[in-house]
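Here the structure is laid out as structure tokens; the discussion comes afterwards.
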Amino acid sequence: MSMSFGSLIYLAIFGAVVLVVQGIYLLAFGKSIEHSNKMNRRLDLMDQGQTKKDVMEHLRKERGAHGRGVSALPLYGLLESHARKANVAFSPANLIMLMAGLSAFSFVLLTLGTSTAMGLRLALAGAFGFGGVYFWLASKAKKRVAAIEEQLPEAIELIVRSLRVGHPFVAALTIASEEVADPLGTELGLIADEVAYGRDAGEAIAEFGERVDMQDLRFLAVSVSIQQKSGGNLAEILEGLSKVIRARFKLFRRVKAITAEAKWSGMFLSAFPIGAMVMIQAIKPDYYDSVKETPMYIPLAIVVCVFLVVNILYMRKMTDIKV
């Protein structure tokens with residue numbers, strides 16, 4: 001079996017793992033659990049006949065499925081961080097069990113579809129199972145955080161307009177939660193319900209900011225907390241904050257456009273050696289046969305892989321500009 005055909009099989013197995021994760025998630029919780037949907041999930045639950053208190057408890061229970069916990073496994077903390085950002089219904093423990101199950105699933109597929117040696121097959125099965133779940137979770141977290149970042153300035157402007165016509169802050173939050181689509185709409189509605197039941201508004205917003213690791217939400221929490229303690233015109237404060245967030249977002253987009261060439265250059269330089277190796281194996285499979293048995297083949301191959309990884313990390317660090 002040529003390396004090019006084997007690569008396609010490995011890629012297909014990895015893609016199958018990602019699709020199985022998504023399928024299990026939808027099968028277990030249904031389409032309504034998809035937090036990337038534009039429909040406001042909080043309002044949808046209330047339309048089904050649930051009371052505001054029941055909806056709040058339901059959403060808090062989902063959110064608490066991946067609260068901060070203590071574990072000796074480094075992987076647990078990493079999954080917990082991404083699970084909080086993505087707000088998936090799976091807990092970190094569920095994700096680890098899913099990784100183990102999909103590793104076994106990958107091993108079966110590798111056994112049926114390839115003639116890889118047992119040791120390599122076990123290593124690839126573990127990499128596919130754990131990597132597939134992590135890729136699925138990280139992509140969901142990134143997509144959700146990006147959506148919240150884009151929706152936040154509009155939501156703050158809605159709150160400012162409500163405050164200026166005389167609504168209290170809780171009512172302004174509720175109005176914004178009904179006008180803004182998910183994922184931010186449901187989060188604002190949950191915060192408004194918690195504040196209505198006695199929780200401090202600044203604390204609730206700060207907890208949300210820590211959960212999704214977003215600096216703009218921390219600014220919002222500080223603004224609300226300072227206004228509650230020392231007074232002042234909250235509408236003017238939030239209007240200024242909205243302008244700052246929009247300016248930061250605009251600057252971030254500009255930096256992203258400026259660094260796009262460098263990022264694509266880095267990806268090309270990193271992918272070119274792998275692509276060249278695959279093409280050589282497809283065109284002339286016996287090209288490396290004369291050097292495979294030499295004592296320097298394995299050490300030099302390891303050195304090349306290390307340099308390739310260093311190149312990827314270095315290029316990513318050079319183009320990762322914080323705004």
Side-chain angles (χ1 to χ4, degrees), residues 29-30 32-35 37-69 80 83-91 144-145 147-148 151-152 154-214 216-235 237-238 241-242:
F29 302 104
S32 64
I33 201 70
E34 281 287 272
H35 298 283
N37 285 347
K38 294 299 182 183
M39 181 177 292
N40 191 308
R41 188 157 179 267
R42 172 176 167 271
L43 297 180
D44 185 51
L45 291 173
M46 292 174 65
D47 288 341
Q48 294 175 11
Q50 298 188 41
T51 65
K52 185 180 292 187
K53 183 178 180 181
D54 291 337
V55 172
M56 182 183 70
E57 292 298 326
H58 180 79
L59 295 175
R60 283 170 61 90
K61 184 178 180 181
E62 283 183 2
R63 187 177 67 186
H66 34 72
R68 294 183 181 275
E80 187 181 60
R84 283 199 307 270
K85 293 178 183 178
N87 201 27
V88 296
F90 284 138
S91 68
R144 183 170 184 267
V145 171
I148 292 174
Q151 291 177 306
L152 186 59
E154 179 187 351
I156 294 177
E157 289 175 357
L158 286 171
I159 294 173
V160 169
R161 288 197 287 269
S162 298
L163 291 173
R164 282 181 171 164
V165 299
H167 291 296
F169 181 67
V170 178
L173 265 180
T174 303
I175 292 171
S177 71
E178 294 172 354
E179 295 295 330
V180 177
D182 270 358
L184 186 57
T186 294
E187 291 288 352
L188 291 179
L190 181 57
I191 292 172
D193 291 343
E194 289 178 336
V195 174
Y197 278 94
R199 189 177 185 185
D200 180 74
E203 177 188 335
I205 298 172
E207 191 271 337
F208 177 37
E210 290 299 324
R211 190 151 36 91
V212 297
D213 192 20
M214 189 180 298
D216 294 334
L217 283 169
R218 297 188 183 103
F219 291 155
L220 177 60
V222 170
S223 302
V224 172
S225 297
I226 291 175
Q227 192 276 336
Q228 287 179 336
K229 293 176 182 177
S230 60
N233 191 331
L234 182 58
I237 296 172
L238 295 184
L241 177 61
S242 176

TODO: With side chain to side chain contact (heavy atoms under 4.5 Å, CB included) as the test, would you mind laying out the steps for Phe208 and Ile148 before giving the verdict?
DONE: CA-CA 11 Å; Phe208 177 37; Ile148 292 174; 4.0 Å; yes
TODO: Would you please test Leu238 and Leu220 for side chain to side chain contact (heavy atoms under 4.5 Å, CB included) and show each step?
DONE: CA-CA 8 Å; Leu238 295 184; Leu220 177 60; 3.4 Å; yes
- [ ] Decide yes or no on side chain to side chain contact (heavy atoms under 4.5 Å, CB included) for Leu184 and Glu154, but give the supporting numbers first.
- [x] CA-CA 10 Å; Leu184 186 57; Glu154 179 187 351; over 6 Å; no
Open item on the list: Assess the residue pair Ile191 and Val195 against the criterion (side chain to side chain contact (heavy atoms under 4.5 Å, CB included)); give the C-alpha distance rounded to whole Å, side-chain angles, the decisive distance to 0.1 Å, and a yes or no.
Closed with: CA-CA 6 Å; Ile191 292 172; Val195 174; 4.2 Å; yes
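By the salt bridge (charged side-chain N to carboxylate O under 4.0 Å, His left out) test, Arg161 pairs with no residue at all, sequence neighbours left out. Evaluation of the side chain to side chain donor-acceptor pair (under 3.5 Å) rule for Glu157 yields Ser242, Arg246 as partners, not counting sequence neighbours.
Nearest heavy-atom pair, Ala201 versus Gln228, reported as atom, atom and distance to 0.1 Å: CB-NE2, 3.5 Å. When all heavy atoms of Ser162 and Ala172 are compared, the pair lying nearest together is CB-CB, 3.6 Å. Annotation for Met214 and Val145: closest pair CE-O, 3.7 Å, computed over non-hydrogen atoms. The two residues Ala192 and Leu173 come nearest to each other via the heavy atoms CB-CB, 3.9 Å. Considering every non-hydrogen atom in both Ala235 and Arg164, the closest pair reads CB-CG, 3.9 Å. When all heavy atoms of Ala176 and Leu188 are compared, the pair lying nearest together is CB-CD1, 4.3 Å.
Here the straight-line distance linking atom CD1 of Ile237 with atom OG of Ser223 works out to 6.5 Å at 0.5 Å rounding. The CD atom of Gln227 sits 8.5 Å away from atom CZ of Phe169, with the distance rounded to the nearest 0.5 Å. Gln151 CD to Glu187 CD: the interatomic distance, rounded to the nearest 0.5 Å, is 10.5 Å. The CD atom of Glu194 lies 11.0 Å from the CG atom of Asp200; values are rounded to the nearest 0.5 Å. Atom CG of Leu163 and atom CG of Asn233 lie 8.5 Å apart (nearest 0.5 Å).
In this structure, the side chain of Ser177 engages the main chain of Thr174 through a donor-acceptor pair within 3.5 Å.
Annotation: side chain of Ile175 is not in contact with side chain of Leu158 (no heavy-atom distance under 4.5 Å).
Taking a cutoff of 4.0 Å between a charged side-chain nitrogen and a carboxylate oxygen, Arg218 and Asp213 qualify as a salt bridge.
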